[in-house]
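In what follows, a structure is listed as structure tokens, so that the remarks can point back to it.
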Amino acid sequence: MTHRSGFACFVGRPNAGKSTLTNALVGSKVAITSSKPQTTRHAVRGIVHRDDAQLVIVDTPGLHRPRTLLGQRLNDIVRETWSEVDVVGFCVPADEKVGPGDRFIAAELTKIARRTPVIGIVTKTDLAAPQQVAEQLLALQEVMSFAELIPVSAVDGFQVKQLEDLLVTRLPEGPQLYPDGDLTDEPEQTLVAELIREAALEGVRDELPHSIAVTVEEMLPHEGRDDMIDVHAFLYVERPSQKGIILGHRGERLRAVGSQARRHIEALLGTKVYLDLHVKVAKDWQRDPKQLRRLGF
């Protein structure tokens, strides 16, 4: 069975139903919702886990006619995100006429539609009569040429599954990008520590499965750069011999752990990361209440 994985984003003017749709797709399976520091440019809104695919939904600021420099910058971020995702969903509510704001977005999307498939989504069908939904689909066809057009309702679940399938078929084949399991609403530092611990366990699970704990001491913007975050973290083991296992020959193993963890953290935070990782021995920490508290258990 082939497995697909990749990124999608929903665009549309404010209140077009993007967030509700994201939540409906991700459902109870929201894996990562990032309470991002402002340095993050692409927040992961949620992850749809399936046996055959992993669909990562990325949030974008709403696109609008910019009146300020910040507005322009935000628009640039949106365009940048569009150029990096595998598929874009353009949301237009069923109960509102297609307006100038929608046309403005469509004109922008037309520029990327050659490379990136754009799916037209008529949202909030529960608020409109079938005739109105049909008219809206026709009106949307006039605006630009879409890879697909689909009416959905996040509220009553109408065609949400079909939309998910449409998005998934547009993703490239590839492995999972994020681990299974719920990471909902975890603070970012917890997620980062988890990703480091996961990378550290890769390949040494049998020798020290539970003996590794990770604490993220601090996460700060990198001095002089607004596109990078410094992450300072400690990896704790219980005995000096385990420290040797983690470090590996001349520190090679720890370097490998660091680079794997960094890739995952960058994907999570949507920004470049400098990862500063040190190994410490905390003697028998699993049995010591004071140390357990310090390590966040």
Side-chain angles (χ1 to χ4, degrees), residues 6-25 41-43 45-46 55-155 158-160 162-172:
F7 296 84
C9 73
F10 292 131
V11 299
R13 51 195 164 83
N15 214 5
K18 302 184 289 283
S19 302
T20 323
L21 190 54
T22 299
N23 293 341
L25 277 167
R41 290 212 296 262
H42 314 295
R45 285 300 297 271
L55 171 67
V56 184
I57 300 170
V58 183
D59 192 19
T60 59
L63 191 75
H64 55 294
R65 287 184 189 280
R67 292 187 175 78
T68 62
L69 182 60
L70 174 66
Q72 273 172 352
R73 295 235 165 108
L74 286 174
N75 279 359
D76 291 343
I77 290 169
V78 177
R79 292 190 192 97
E80 197 182 305
T81 305
W82 293 358
S83 66
E84 290 168 3
V85 296
D86 301 295
V87 56
V88 174
F90 177 25
C91 299
V92 177
D95 61 336
E96 292 172 37
K97 283 257 182 286
V98 172
D102 300 312
R103 290 196 183 85
F104 173 72
I105 294 172
E108 292 290 325
L109 283 173
T110 304
K111 299 172 191 169
I112 63 151
R114 284 199 307 279
R115 285 194 320 274
T116 309
V118 178
I119 293 177
I121 306 168
V122 172
T123 58
K124 308 187 182 184
T125 58
D126 52 292
L127 300 178
Q131 179 62 27
Q132 201 181 356
V133 173
E135 281 163 15
Q136 191 71 316
L137 285 165
L138 287 170
L140 208 48
Q141 263 173 329
E142 301 295 300
V143 176
M144 69 175 280
S145 84
F146 292 100
E148 302 272 357
L149 265 174
I150 183 172
V152 302
S153 165
V155 173
F158 173 64
Q159 298 221 102
V160 170
Q162 285 84 336
L163 172 62
E164 184 187 298
D165 292 339
L166 282 183
L167 294 168
V168 164
T169 56
R170 293 290 191 283
L171 303 180

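Residue numbers start at 1 and run along the sequence shown.
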So, the side chain of [X] versus the backbone of [Y]: is there a donor-acceptor pair under 3.5 Å, distance only?
| X | Y | value |
| --- | --- | --- |
| Glu148 | Ile119 | no |
| Thr116 | Ala113 | no |
| Ser153 | Lys124 | no |

Can you give me the closest heavy-atom contact between [X] and [Y], atom names plus distance?
| X | Y | answer |
| --- | --- | --- |
| Phe90 | Ala106 | CE2-CB, 4.0 Å |
| Ala154 | Val160 | CA-CG2, 4.2 Å |
| Pro93 | Thr123 | CA-OG1, 3.2 Å |
| Cys9 | Val85 | SG-CG2, 4.0 Å |
| Ser83 | Arg115 | CB-NH2, 3.9 Å |
| Gly12 | Lys18 | O-NZ, 2.8 Å |

Value rounded to 0.5 Å, distance of [atom1] in [X] from [atom2] in [Y]:
| X | Y | atom1 | atom2 | value |
| --- | --- | --- | --- | --- |
| Ile105 | Met144 | CD1 | CE | 11.5 Å |
| Thr125 | Asp95 | OG1 | CG | 10.0 Å |
| Ile112 | Glu84 | CD1 | CD | 11.0 Å |
| Leu137 | Ile150 | CG | CD1 | 9.5 Å |
| Leu149 | Ile121 | CG | CD1 | 9.5 Å |
| Phe7 | Leu171 | CZ | CG | 10.0 Å |

Would a 4.5 Å heavy-atom cut-off, applied to side chains only, mark [X] and [Y] as touching?
| X | Y | result |
| --- | --- | --- |
| Leu109 | Trp82 | yes |
| Val92 | Val143 | no |
| Phe10 | Leu25 | yes |
| Val155 | Leu127 | no |
| Cys91 | Val11 | no |

Inset, instruction - Using the test salt bridge (charged side-chain N to carboxylate O under 4.0 Å, His left out), find all partners of Asp86 that sit at least two apart in sequence or belong to another chain. - result: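 Partners of Asp86 by the salt bridge (charged side-chain N to carboxylate O under 4.0 Å, His left out) criterion come out as none, since no residue qualifies.
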Inset, instruction - Please check if any side-chain donor atom of Gln136 sits under 3.5 Å from a side-chain acceptor atom of Gln132, or the reverse. - result: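 No, no side-chain donor-acceptor contact under 3.5 Å.
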Inset, instruction - Go through the steps to decide whether Val168 and Val87 satisfy the test side chain to side chain contact (heavy atoms under 4.5 Å, CB included), and finish with yes or no. - result: CA-CA 9 Å; Val168 164; Val87 56; over 6 Å; no
Inset, instruction - Look at Glu96 together with Arg13 and state whether they make a salt bridge at an N to O cut-off of under 4.0 Å. - result: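 The answer is yes: the pair qualifies as a salt bridge.
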